[in-house]
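Written out below as structure tokens is the structure these notes cover.
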Amino acid sequence: MSELSCPNCGAPVPIINKASVYAVCSSCKTLSLKKDVNLEKIGTAGELSDDHSIIQLGTQGNYKGIPFRVIGRIQLKFELGFWNEWHLMEGDGSSAWLGEAQGSYYYTKLNVGIPTDKIPSLEGDEDPIVIASGRREKITPGDSFYLGENWTLKEIMKATCIGGEGELPIGFQTGYEAVLLDLASEDGLFGTLDYSESPALLFSGNFSTLEELNLTGLRQEEVAYNQAQIPAKSIECKGCGASLNQFSPDFSKSLACEYCGSVMDTESPDLKIIAKFDQVSRDNVLLPLGTPIKLPDLPESKVIGVLRKSTEVDDETYTWTDYLLRYRGGYAWLNENGDNWTYFEPLQGVPKWAPGLKRIFQKRSYKWFANTDAQTDFALGEFYWKVSAGEKAYMEDFISPPYMISSERTDKEIFWSKGVFIPFDTMKSSVPLDTASKLRKPEIVGVCEPNPFKSRLKRNLWVAAALTAVFFVFQVYGCIKAKNQVVYQGKFRYVQTSVPNTDIGSTNFRDNSFVTDVFELKGSANENVEIQIEAPNLDNKYLYFSAALINEDTDTAYDTSIETSYYHGVDDGESWSEGSKSDSKSLAEIPPGRYYLRLESQSDFPVGWGSEYSVKIVRDVMSPAPFFLFSIFLWLPLIYTFFRSYSFESKRV
């Protein structure tokens with residue numbers, strides 16, 4: 001470590017990192033440039049604002065196995081508040097940066113691997129135009145850049161340099177304004193194009209949580225993110241004089257009066273009115289400002305802001321309400337749409353695109369659901385940005401119940417969030433009783449409400465498939481085991497002896513019955529017998545047989561009926577046919593013994609006409625009919641559940 005003297009006041013200015021070429025005197029705020037063993041004054045650092053950061057010079061940490069120490073800072077101010085860029089010295093002496101804003105942290109390094117001619121230049125501040133590869137294009141959030149890898153533009157912001165402290169590898173100028181482009185990759189990386197210099201500087205790295213940084217040497221006595229919050233205070237509305245509660249002074253940037261609609265800049269000492277909503281209504285605001293929320297497995301929070309939004313589709317207006325929640329160290333949103341509730345948290349990074357209009361985030365696939373243009377109708381309470389009347393945004397939703405991811409895009413920013421569906425009973429139990437009593441049970445299906453029939457459909461599918469497979473195995477086993485022994489076969493000719501279609505046994509029926517030769521059935525008493533009849537020459541006629549299998553010794557008869565019929569023709573130029581020239585019937589559990597078959601028949605043949613037919617008797621036959629009958633009844637519940645699941649999905653709004 002070298003210790004140099006401040007060129008302005010002579011106070012010692014320690015420099016411990018060889019990469020540091022700029023330093024700020026802690027005594028007089030002089031900004032100096034290191035030249036050999038001396039410091040040369042180049043300006044004065046502005047007075048830093050108290051942004052309630054828990055980090056300070058000397059804070060140490062360890063990020064993914066890399067130890068570091070905080071040795072400097074540049075403080076910026078942008079629309080949403082303060083942004084700190086903490087200069088870090090890693091264990092091997094390398095420089096890194098820890099970005100800090102709104103309780104979020106970004107561990108980055110200066111990317112020196114990109115050729116300077118590949119870094120796009122920028123023109124304009126309000127509506128920046130990028131000049132890259134000879135083309136001039138206006139940029140909007142969602143645009144893509146390739147700088148070593150594919151980046152998506154998340155936010156365009158103008159930052160003002162407040163000042164700095166400690167030692168730094170780059171210089172700064174107090175009061176200087178620069179455009180910053182915040183980038184994110186589909187792999188979860190974070191990047192910033194800093195246009196405070198030309199060509200712009202690219203810093204890239206990762207989003208990180210406070211826990212991942214393993215910080216020590218913090219400003220524990222200060223009010224800061226993830227520590228104690230500044231107590232709520234009362235503010236008098238500059239529009240109507242009403243007394244308003246500001247629940248989170250360290251977080252909010254604007255406060256909208258719930259009585260007159262005036263929006264005040266809470267960062268302004270005189271609470272300047274910056275916007276006004278013409279119509280403000282607390283009707284259907286189900287969670288009043290200050291309502292505590294205790295959702296299971298989520299941080300305990302409080303409602304500090306309410307936004308009513310709307311969109312118009314096919315000349316019909318749809319509205320919903322977003323409740324801003326504040327908890328120690330962060331914020332979230334509760335969305336109420338059609339009395340359905342969804343809890344949203346900010347999403348770092350950009351979800352990956354996948355085939356079929358899908359997005360992938362954390363290995364979960366989300367299918368596209370809807371997009372719409374939304375506007376803010378009115379606001380109540382406080383917000384972390386300067387809310388204004390008529391704010392418009394383009395919204396796009398992707399769902400994977402009970403989760404969803406949503407993007408909200410404006411001219412300056414694209415904001416991603418991840419939501420989870422909150423069941424009605426869970427929501428009721430998470431708010432005070434007087435608030436819970438006003439909640440209404442939803443009558444429509446929520447955007448990411450889980451489909452209760454989908455799990456049943458999967459269960460029924462597995463059960464049906466498993467039981468079908470088991471029954472099929474038994475069916476195959478039975479077919480293999482069956483003897484299929486032919487015990488009798490013969491050919492006969494039927495000749496009509498009665499008026500066609502005369503019923504068997506009627507007074508006009510002339511008996512044409514006969515019996516076959518005796519045959520022997522072997523085997524056990526639980527084996528079946530199948531009687532098969534085929535009339536190959538049957539044409540536009542039927543043959544009906546009343547059959548009886550009779551035991552020669554006991555005269556026990558087993559009755560059944562068999563019908564063969566075959567008809568065909570041409571109707572309106574199209575041929576048709578129905579019926580079959582063969583049929584069979586099975587008789588179960590026929591004891592062994594000597595048997596004969598008695599056949600009595602009727603038909604629609606004219607008198608004297610008829611047809612040849614054959615008879616075959618088979619012992620111990622395994623029929624596939626029970627298997628197919630079983631399958632039909634087994635799969636009916638599955639079909640029912642499928643239609644219930646489909647009906648549920650069709651109602652999702």
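The first residue in the sequence is number 1, and the count goes up from there. On a predicted model such as this, the values are computed, not experimentally measured, just so you know.
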Interatomic distance, Leu147 atom CG to Ser204 atom OG [nearest 0.5 angstrom]: 9.5 Å
Closest heavy-atom pair, Pro141 versus Ile156, reported as atoms and distance to 0.1 Å, is CD-CD1, 4.2 Å
Report the C-alpha separation of Lys154 and Glu413 in whole Å, then their side-chain angles, then the decisive distance to 0.1 Å, and conclude whether the salt bridge (Lys or Arg N to Asp or Glu O under 4.0 Å) test is met. CA-CA 6 Å; Lys154 284 197 68 178; Glu413 179 185 19; over 6 Å; no
Any side-chain heavy-atom pair of Ser95 and Glu90 under 4.5 Å: no
Taking atom NZ of Lys386 as the centre, report whether more than 12 heavy atoms of other residues, nucleotides or ligands fall under 6.0 Å from it. yes
Check: Gly46 main-chain N/O paired with Thr174 side-chain donor or acceptor under 3.5 Å: yes
Considering only heavy atoms from C-beta outward, does the side chain of Asn206 approach that of Leu189 to under 4.5 Å? yes
Nearest heavy-atom approach of Ser234 to Ser243 is OG-OG, 2.9 Å
Should Tyr366 and Tyr403 be marked as a ring-ring contact (aromatic ring centres under 6.0 Å, His included) after you check the CA-CA gap, both sets of side-chain angles, and the distance that decides it? CA-CA 8 Å; Tyr366 296 79; Tyr403 303 104; 7.3 Å; no
State whether the number of non-hydrogen atoms from other residues, nucleotides or ligands found under 6.0 Å of Lys302 atom NZ is greater than 12. no
So, taking the atom named OG1 in Thr44 and the one named CG in Asn8, what distance separates them when rounded to the nearest 0.5 Å? 7.0 Å
Short question: side chain of Asn245, backbone of Phe247 - any donor-acceptor pair under 3.5 Å? no
Apply side-chain contact (heavy atoms from CB on, under 4.5 Å) to the pair Arg359 and Val350, showing each step before the final yes or no. CA-CA 9 Å; Arg359 293 272 191 170; Val350 176; 3.9 Å; yes
Audit row: Val285, Arg308, side-chain contact (heavy atoms from CB on, under 4.5 Å) steps and yes/no: CA-CA 9 Å; Val285 174; Arg308 178 65 53 79; 3.9 Å; yes
Between the CG atom in Leu307 and the CZ atom in Phe383, the distance rounded to the nearest 0.5 Å is 4.0 Å
Would you say Ser407's side chain and Trp416's backbone share a donor-acceptor pair under 3.5 angstrom? no
The test is side-chain contact (heavy atoms from CB on, under 4.5 Å); show your working for Thr376 and Phe277 and say whether it passes. CA-CA 10 Å; Thr376 300; Phe277 290 94; 4.1 Å; yes
Let's go through Lys35 and Glu40 carefully: what are the C-alpha distance in whole Å and the side-chain angles of both, what is the deciding distance for salt bridge (Lys or Arg N to Asp or Glu O under 4.0 Å) to 0.1 Å, and is it a yes or a no? CA-CA 7 Å; Lys35 287 191 173 182; Glu40 179 181 311; 3.1 Å; yes
Intermediate values then yes/no, ring-ring contact (aromatic ring centres under 6.0 Å, His included), Tyr323 and Trp341: CA-CA 10 Å; Tyr323 298 88; Trp341 297 88; 5.8 Å; yes
Does the gap between the ring centers of Phe203 and Tyr106 come in under 6.0 Å? no
Closest approach of Pro249 and Glu382, non-hydrogen atoms and distance? N-OE1, 4.4 Å
Which residue, Asp182, Leu180, Leu181, forms the side-chain contact (heavy atoms from CB on, under 4.5 Å) with Glu155? Asp182
Audit row: Lys392, Asp373, salt bridge (Lys or Arg N to Asp or Glu O under 4.0 Å) steps and yes/no: CA-CA 7 Å; Lys392 295 183 181 294; Asp373 291 310; over 6 Å; no
In sequence, state the C-alpha distance, the side-chain angles, and the governing distance for Asp143 and Thr152, and then conclude on side chain to side chain donor-acceptor pair (under 3.5 Å). CA-CA 6 Å; Asp143 290 347; Thr152 298; over 6 Å; no
For Thr192 and Asp194, run side chain to side chain donor-acceptor pair (under 3.5 Å): C-alpha distance rounded to whole Å, both residues' side-chain angles, the deciding distance at 0.1 Å, then the answer. CA-CA 6 Å; Thr192 294; Asp194 183 351; over 6 Å; no
Without swapping roles, check the side chain of Ser252 against the backbone of Ser248 for a donor-acceptor pair under 3.5 Å. yes
With a 4.5 Å heavy-atom cut-off, do Leu193 and Leu183 have their side chains touching? yes
Pairing of Lys309 and Glu408 as salt bridge, 4.0 angstrom limit: yes
Under 4.5 Å between any side-chain heavy atoms of Cys237 and Cys260, yes or no? yes
Pair Glu258 + Arg282: basic N to acidic O under 4.0 Å: yes
CA sep, side-chain torsions, deciding dist, call: Trp385, Glu391, side chain to side chain donor-acceptor pair (under 3.5 Å): CA-CA 12 Å; Trp385 75 98; Glu391 286 181 339; 3.1 Å; yes
Residues Glu267, Lys272: salt bridge by 4.0 Å N-O rule: no
Rounded distance (nearest 0.5 Å) linking atom CG of Asp377 with atom CD of Gln375: 5.0 Å
Are any side-chain N or O atoms of Gln60 and backbone N or O atoms of Val70, one a donor and one an acceptor, separated by less than 3.5 Å? no
How are the rings of Trp353 and Phe398 set relative to one another: parallel (under 30°), tilted (30 to 60°) or perpendicular (over 60°)? perpendicular
Atom pair CD1 (Ile274) and CG (Asp265), whose distance is rounded to the nearest 0.5 Å: 5.0 Å
Does any N or O in the side chain of Asn62 come within less than 3.5 Å of the main-chain N or O of Gly65, such that one atom is a donor and the other an acceptor? yes
Test item: Thr410 side-chain N/O and Lys412 main-chain N/O as donor-acceptor pair under 3.5 Å: yes
Could you walk me through whether Leu168 and Trp97 pass the side-chain contact (heavy atoms from CB on, under 4.5 Å) check? CA-CA 10 Å; Leu168 303 159; Trp97 294 88; 4.0 Å; yes
Worked check of side chain to side chain donor-acceptor pair (under 3.5 Å) between Glu396 and Asn371: CA-CA 4 Å; Glu396 196 164 19; Asn371 59 359; 4.6 Å; no
Search all heavy atoms of Glu236 against all heavy atoms of Gly241 and return the closest pair with its distance. CG-O, 3.5 Å
With rounding to the nearest 0.5 Å, note down the distance linking SG in Cys257 to CE in Met264. 6.0 Å
Between the side chains of Ser185 and Asn150, is a donor N or O closer than 3.5 angstrom to an acceptor N or O? no
Under 6.0 Å from the six-membered ring centre of Phe251 and within 45° of its axis: does the NZ or CZ of Arg326 meet both? yes
Please report the shortest heavy-atom distance between Glu212 and Phe207, naming the atom on each side. OE1-O, 4.1 Å
Pairs touching residues 149-180 that satisfy ring pair (Phe, Tyr, Trp, His ring centres under 6.0 Å), sequence neighbours left out: none
Assess whether a salt bridge exists between Glu100 and Arg73, defined as any Lys/Arg side-chain N lying under 4.0 Å from an Asp/Glu carboxylate O. no
Can the ring centroids of Tyr63 and Phe68 be said to lie less than 6.0 angstrom from one another? no
Ring centroid separation for Tyr384 and Tyr331, is it under 6.0 angstrom? yes
Quick one: does Thr311's side chain have a donor or acceptor within less than 3.5 Å of a partner on Thr372's backbone? no
